[in-house]
Amino acid sequence: MKTTWPALIAALLAATSILAADAAPSDTVAAPTGETSTWLERIEAVHPALGLGVTVRGGITGKLAPGSLTWDDGRWELFLAYFRDQRRGGLTLNRYPAHIGLAPPMWALTASRRFQFIERPRFRAFAGIGIAYLDTHPCTSSAAQNDRTPVLDYYETVYRGCDKLNGSRLNYALQLGARLYSADHGMGLEFAYRHFSNAGLTFTNLGEDLVTAMLVF
């Protein structure tokens, strides 16, 4: 015991000196331990992105121009896309291919929460869920929904009918994707699969399936 007490006293003195040094005022002010960053600090690093996209549901053609803003280390996203042409579905009339207007050109705006399930220094995989607002005119009757007037001129730009893919302006927005970063995280590439639908809450729920590729700044 005689050899143990000096060691304990020395350890207590060392611990006291360390605590005193930590408590002493200094020229630099550090944030208290455990303090969360403010909302303004979390949105300082906003990353815009621009790219291209296509619809991927079988037999339905369509192109879109997407853009997004992500912040809070990629946890939140605002996504805006313009569907530049009408979505058309394939149909055979007298053994010749025709096309039916299924949805007009439109704007889509989504707000989503992303969850990252793979995180590496230069690679992240994520899934997201949110709400989408579609600037379109949903079908309000079964007769309009079932209208199959073909667009015989494939290059015609006038849309015939209402939106046969989404029965409401407000929809759920789901996404699954990955982001690849440059070495300094200055720029990146993002690829995502996205789906808009109303989960059967309103009449007509075919939904929109699309793939986007964007350059992240």
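Counting from 1, the numbers follow the sequence of the chain as shown. Atoms considered below: every heavy atom in the structure, side chains included; atoms not considered: hydrogens, waters and symmetry mates.
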Partners meeting side chain to side chain donor-acceptor pair (under 3.5 Å) with S197 (sequence neighbours left out): H195
Give a yes or no on whether the backbone of D163 and the side-chain of N166 come within a donor-acceptor separation of less than 3.5 Å. no
Keeping the roles fixed (side chain from R87, backbone from P104), state whether a donor-acceptor pair exists under 3.5 Å. yes
Of all heavy-atom pairs linking N171 and S168, the shortest is ND2-O, 2.8 Å
My understanding is that only residues two or more places apart in sequence, or in another chain, count here; which of them pass side chain to side chain donor-acceptor pair (under 3.5 Å) with Y82? none
Is there a donor-acceptor contact under 3.5 Å linking the side chains of R194 and T212? yes
Any ion pair linking D73 and R124 (charged N to carboxylate O, less than 4.0 Å)? yes
Do any N or O atoms from the side chain of T55 and from the backbone of L210 form a donor-acceptor pair under 3.5 angstrom? no
R114 meets the side chain to side chain donor-acceptor pair (under 3.5 Å) criterion, sequence neighbours left out, with E77, Q175, E190
L170 atom CG, over 12 foreign heavy atoms within 6.0 Å: yes
Tell me the closest heavy-atom pair linking L50 and F217, and the distance in Å. N-CE1, 4.4 Å
Okay, side chain of H47, backbone of T70: is any donor-acceptor separation there less than 3.5 Å? no
Sub-3.5 Å donor-acceptor pair from the side chain of D135 to the main-chain atoms of M106, do we have one? no
Side chain proximity check, P66 to F79, heavy atoms < 4.5 angstrom: yes
Tell me if the OH atom of Y172 is crowded by more than 12 foreign heavy atoms within 6.0 Å. no
With R179 as the cation and F123 as the aromatic partner, state whether NZ or CZ is under 6.0 Å from the six-membered ring centre and within 45° of the axis. no
